[in-house]
Amino acid sequence: MPDTPKPSDLTKAGTPHGSPPAEERGRTALADGVVEKIAGMAAREVPGIHALGSGLSRTFGAMRDRVPGGRSSISRGIKAEVGEKQTAIDIALVVEYGVVIPKLAAAVRHNIITAVEQMTGLEVVEVNIAVNDVHLPDEPDEDEEEPPSERRARVQ
């Protein structure tokens, strides 16, 4: 008669042959860019964010976006340091005029922590937020401004 497993046998760690469970048989490494992209998408979901990054990084990003074949960078303005089990994230924001910045920062922090922890399994130890600018309603977007060469050609 075959041995019937007892309920206590079913709760033991590992496989029936005594080897470790699958999640312990190897290592998963995540690149910093993976966490940065997840954080960028999570931050953009929060209303009141005008753009990510400092003025300089947005300017270079806008130029890079205009190059044929260039792609827009979701992780612009975000820096992540990824360890084996933890990550720390720094993010630079431009907010819309009129938002309550402490509430916005709390919402961004919550969204980033939730998304990164759920998708990667890493513990987010900190999310540092730098608000670099406030976008006024009557200001043009830096990304939408025409390049200086086009402006000069039109003026002449």
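Every heavy atom of this structure was used, including side-chain atoms; hydrogens, water molecules and symmetry mates were not.
Smallest separation of non-hydrogen atoms from Val99 and Gly48: CG1-CA, 3.7 Å. Nearest heavy-atom pair across Ile129 and Ala105 is CD1-O, 3.3 Å. Taking both residues in full, the closest heavy atoms of Lys79 and Glu36 are given as CA-OE2, 3.6 Å, listed atom of the first, atom of the second, then distance. Closest non-hydrogen pair, Val35 versus Ala80, comes out as CG1-CB, 3.8 Å.
In terms of hydrophobic clustering, with Ile, Leu, Val, Met, Phe, Trp and Tyr side chains grouped at heavy-atom distances under 4.5 Å, Ile112 and Ile101 are assigned to a common cluster. Residues Tyr97 and Val46 fall within the same hydrophobic cluster, defined by Ile, Leu, Val, Met, Phe, Trp and Tyr side chains chained together at heavy-atom separations under 4.5 Å. Each of Val100 and Val134 belongs to its own hydrophobic cluster when Ile, Leu, Val, Met, Phe, Trp and Tyr are linked at side-chain heavy-atom distances under 4.5 angstrom.
In this structure, CD in Glu81 is found 7.0 Å from CG in Asp90, a value given to the nearest 0.5 Å. Taken to the nearest 0.5 Å, the CD atom of Gln86 stands 4.5 Å off from the CD atom of Glu123. In this structure, OG1 in Thr28 is found 11.0 Å from CD in Glu84, a value given to the nearest 0.5 Å. Between Ile38 atom CD1 and Ile78 atom CD1 the span is 10.5 Å, to the nearest 0.5 Å. Considering CD1 of Ile113 and CG of Leu122, their distance stands at 12.5 Å, rounded to 0.5 Å. The structure places CG of Leu104 at 4.0 Å from CD1 of Ile49, a figure rounded to the nearest 0.5 Å.
Counting only distance, with no hydrogens or angles, the side chain of Arg25 and the backbone of Ser19 share no donor-acceptor pair below 3.5 Å.
Every pair passing side-chain hydrogen bond (donor to acceptor under 3.5 Å, both in side chains) that includes a residue from residues 106-118 is listed here, sequence neighbours excluded: Glu45-Asn111.
Contact check for Leu52 versus Leu93: side-chain heavy atoms found under the 4.5 Å cut-off.
Partners of Glu139 according to the side-chain hydrogen bond (donor to acceptor under 3.5 Å, both in side chains) rule, which considers only residues two or more places apart in sequence or in another chain, do not exist here.
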Thr120 and Thr87: side-chain contact (heavy atoms from CB on, under 4.5 Å), yes or no, with the steps? CA-CA 10 Å; Thr120 66; Thr87 185; 5.8 Å; no
